[in-house]
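Per chain, numbering begins at 1; letters A, B, ... match sequence-line order. The figures here come from the full heavy-atom set of this structure, side chains too, leaving out hydrogens, waters and symmetry mates. Everything quoted here is computed from the prediction, not taken from an experiment.
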Number of protein chains: 2
Amino acid sequence: MYEDLKYWYLRDHKLFRTLSFAQIRQLCIITGFKKANKGEIIYFSSSDVPRIFLLKKGNIKIVAVDEEGNETIKDIIQKGDLFGELTLENDFESNEYAKVLSDDVVICSFLMSDFEDLLLKNPSLALSYTKFVGLKMKRIKNSYANLVSKDAKTRLYQFLKDWAEKEGKQEGNKITLENYLTQTDIAQIICTSRQTATQLLNEMESRGMLLYNRREIIITDVTQL
Amino acid sequence: MYEDLKYWYLRDHKLFRTLSFAQIRQLCIITGFKKANKGEIIYFSSSDVPRIFLLKKGNIKIVAVDEEGNETIKDIIQKGDLFGELTLENDFESNEYAKVLSDDVVICSFLMSDFEDLLLKNPSLALSYTKFVGLKMKRIKNSYANLVSKDAKTRLYQFLKDWAEKEGKQEGNKITLENYLTQTDIAQIICTSRQTATQLLNEMESRGMLLYNRREIIITDVTQL
DNA sequence: ATCGAACTGTAAACTAGCCGACAATAAGCA
DNA sequence: TGCTTATTGTCGGCTAGTTTACAGTTCGAT
């Protein structure tokens, strides 16, 4: 089951490897670069021309706002990830924005239409991209299944395990994570209330499974998750 | 299987509309054809060569079984839908099978590798396919958001509305649905217990919003959902 | 027609986790 | 440095929904 996880995280870097230097350059001419700092909010507004974004540096979260003004975290985007309208369909009514989590980020973007042209000219890239989107779907499906059948504690454990696997610095069974999320963020990701998340984290800390603070999370023994 | 039959099967699928007559004829990628009856279970086993399936007639549900033997409904597949490894990645250890819901179904299939070749030769098809998968992803995301923020009643209403929209025969505000699902199925789809689903359905019936029986569901006034 | 299996109906006990409220820290910043 | 704001900690009360348990109903099959 968890074998799947491993290759999800190989995500998009692979995507452009099939391209030649020249091709990438061609794509890059189209791109816009943008720098932003912690806390900043970036709208990839629907009024604009549809774009696809690539996060070069840092971490951001994608937040959706529903009719009642409730905010939900849709995704955490990391260095090297693509985001935006990956389905290549214009989504008019999505109320999403990105919020910068790390100290500074660098984002570049290209026009969806240009990307489509590129895919049409590079069948093998098109295929890789198709698989990439498929992978993304599988990931969503999985967290869905997780949410449906497991309780909050299990979801938190799973989330920490995934996170550790993705970004943790491992020394033996001890794993250190740079913590750019608040407990509220974590709660939203695992779909529970902030209070419950806090409670669970403290419970873990008092059991010696964890060391939590605003800068880092140290998981003393991954195998316990 | 006869060539012209294959041709027709592909031709009337949305996905292949971008292709010309001649192109479709060349493909001939359909390699399997299968009929099945109600209640039958179809394994699209991982031990076999990976395939993509196309449901030509009827309804089936995709069921996943986890380690503890719990069954969850992953998807309801309807006439014209593709299913199987749409991500174009082999998923070895997924414990999924399909169960036939309607009286009889017709399924045809093609090899994933053949389909990949086809995509490589037809970038525009690859693009459509990506959008197609993207659409599927968007639907999943939607039901996900629905599950997270809404209570069981709202989820049931939403489910009925979606179902009505997809398959209902409408007369004014009255909508008739052919009911090939049990209450247990419905409960699983909206992620609640069977009892809760039963209760909610009965409540709706007693309020005159609904007429439920094993063969059909009549929604007396859609606007109330 | 009868039997058994699958489906539907109902109710009581129980519980995970939400919500509101408020206190205690920590972090940013003037 | 002190002030303000964001984040974390904690506690009951509350409720939607689960679980267990059993009874009634429908349907297909022999």
Side-chain angles (χ1 to χ4, degrees), chain A residues 37-41 61 63 68-73 99-104 146-157 159 178-207 210-217, chain B residues 37-41 61 63 68-73 99-104 146-159 179-207 210-217:
Chain A
N37 294 312
K38 190 164 185 169
E40 235 177 282
I41 288 178
K61 61 178 177 183
V63 182
E68 287 116 38
N70 302 313
E71 301 201 332
T72 5
I73 291 191
K99 187 165 186 186
V100 178
L101 294 171
S102 51
D103 283 341
D104 55 343
N146 206 31
L147 172 63
V148 165
S149 56
K150 308 293 195 319
D151 64 1
K153 185 188 275 189
T154 316
R155 295 204 299 272
L156 177 60
Y157 284 18
F159 165 71
E178 188 211 340
N179 182 21
Y180 45 82
L181 298 174
T182 66
Q183 293 188 354
T184 309
D185 287 335
I186 293 173
Q188 286 183 332
I189 293 168
I190 64 171
C191 288
T192 187
S193 65
R194 196 220 90 221
Q195 291 92 323
T196 305
T198 302
Q199 213 169 293
L200 288 170
L201 283 169
N202 289 337
E203 186 195 310
M204 290 177 79
E205 188 143 26
S206 70
R207 278 213 215 141
L210 206 68
L211 282 170
Y212 182 96
N213 69 49
R214 277 152 147 155
R215 252 159 284 99
E216 58 177 15
I217 298 176
Chain B
N37 294 310
K38 190 165 185 168
E40 236 177 280
I41 288 178
K61 60 178 177 183
V63 182
E68 287 116 36
N70 302 313
E71 301 200 333
T72 7
I73 291 189
K99 189 165 184 186
V100 177
L101 294 171
S102 51
D103 283 341
D104 56 342
N146 205 30
L147 173 62
V148 165
S149 56
K150 309 291 194 319
D151 64 0
K153 185 188 275 189
T154 315
R155 295 205 299 272
L156 177 60
Y157 283 18
Q158 186 63 47
F159 165 71
N179 181 20
Y180 45 81
L181 298 173
T182 66
Q183 295 189 353
T184 309
D185 287 335
I186 293 173
Q188 286 183 332
I189 292 168
I190 63 170
C191 287
T192 186
S193 65
R194 196 219 88 223
Q195 289 87 328
T196 304
T198 302
Q199 214 170 294
L200 288 170
L201 283 169
N202 289 336
E203 186 195 311
M204 290 177 78
E205 189 144 24
S206 71
R207 279 213 214 143
L210 205 70
L211 282 171
Y212 183 96
N213 71 48
R214 269 133 127 137
R215 251 157 287 101
E216 60 177 13
I217 298 175

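One atom, CZ of A/Arg194, and another, P of C/dG17, lie 16 Å apart when rounded to the nearest Å. Remark: C1' of C/dG17 and CG of A/Asp151 are 10 Å apart, rounded to the nearest angstrom. We find that CG of B/Asn179 is positioned 12 Å from C1' of C/dT8, with the value rounded to whole Å. Following rounding to the nearest Å, A/Leu201 (CG) and C/dG17 (C1') show an atom-to-atom distance of 15 Å. Taking atom NZ of residue B/Lys99 and atom P of nucleotide C/dA6, one finds them 9 Å apart after rounding to whole Å. Rounded to whole angstrom, the span from the CD atom of B/Gln195 across to the P atom of C/dC14 amounts to 17 Å. Remark: C1' of C/dT10 and CD of B/Glu203 are 14 Å apart, rounded to the nearest angstrom. Rounded to an integer number of Å, the gap from A/Lys153 NZ to C/dT15 P is 15 Å.
Contact annotation: A/Thr196 does not reach the phosphate of C/dG17 (side-chain N/O to OP1 or OP2, under 4.0 Å).
Looking at heavy-atom distances under 4.0 Å, B/Asn202 makes contact with sugar-phosphate atoms alone, never a base. Nucleic acid contact for A/Arg155: none, since no nucleic acid atom lies under 4.0 Å from a heavy atom of the residue. Residue B/Thr182 is classed as a sugar-phosphate contact, given heavy-atom separations below 4.0 Å to backbone atoms only.
Here A/Glu178 contributes atom CD and A/Leu101 contributes atom CG; the two are 10.0 Å apart, rounded to the nearest 0.5 Å. With rounding to the nearest 0.5 Å, the separation of CG in B/Asn146 from CD1 in B/Ile190 is 10.0 Å. Expressed to the nearest 0.5 Å, how far CD of A/Glu203 lies from CG of A/Leu156 amounts to 9.5 Å. In this structure, the separation between CG on A/Asn202 and CZ on A/Arg207 is 12.5 Å, given to the nearest 0.5 Å.
First and last contacting nucleotides of DNA chain D toward chain B (any atom under 4.0 angstrom from a heavy atom, 5' to 3' order): D/dG17 to D/dC27.
Contact annotation: the side chain of A/Asn179 never approaches that of A/Asn213 to less than 4.5 Å [non-hydrogen atoms, C-beta and beyond].
Mapping A/Gln199 and B/Gln183 onto DNA chain C via the closest heavy atom, the residue that lands nearer the 5' end is B/Gln183. Nearest-nucleotide mapping onto DNA chain C: of A/Arg214 and A/Thr192, the residue sitting toward the 5' end is A/Thr192.
Note on A/Lys61 versus A/Asp185: salt bridge recorded, some NZ/NE/NH1/NH2 to OD/OE distance being below 4.0 Å.
Residue B/Gln158 qualifies as enclosed at atom CD: its count of foreign heavy atoms under 6.0 Å is above 12.
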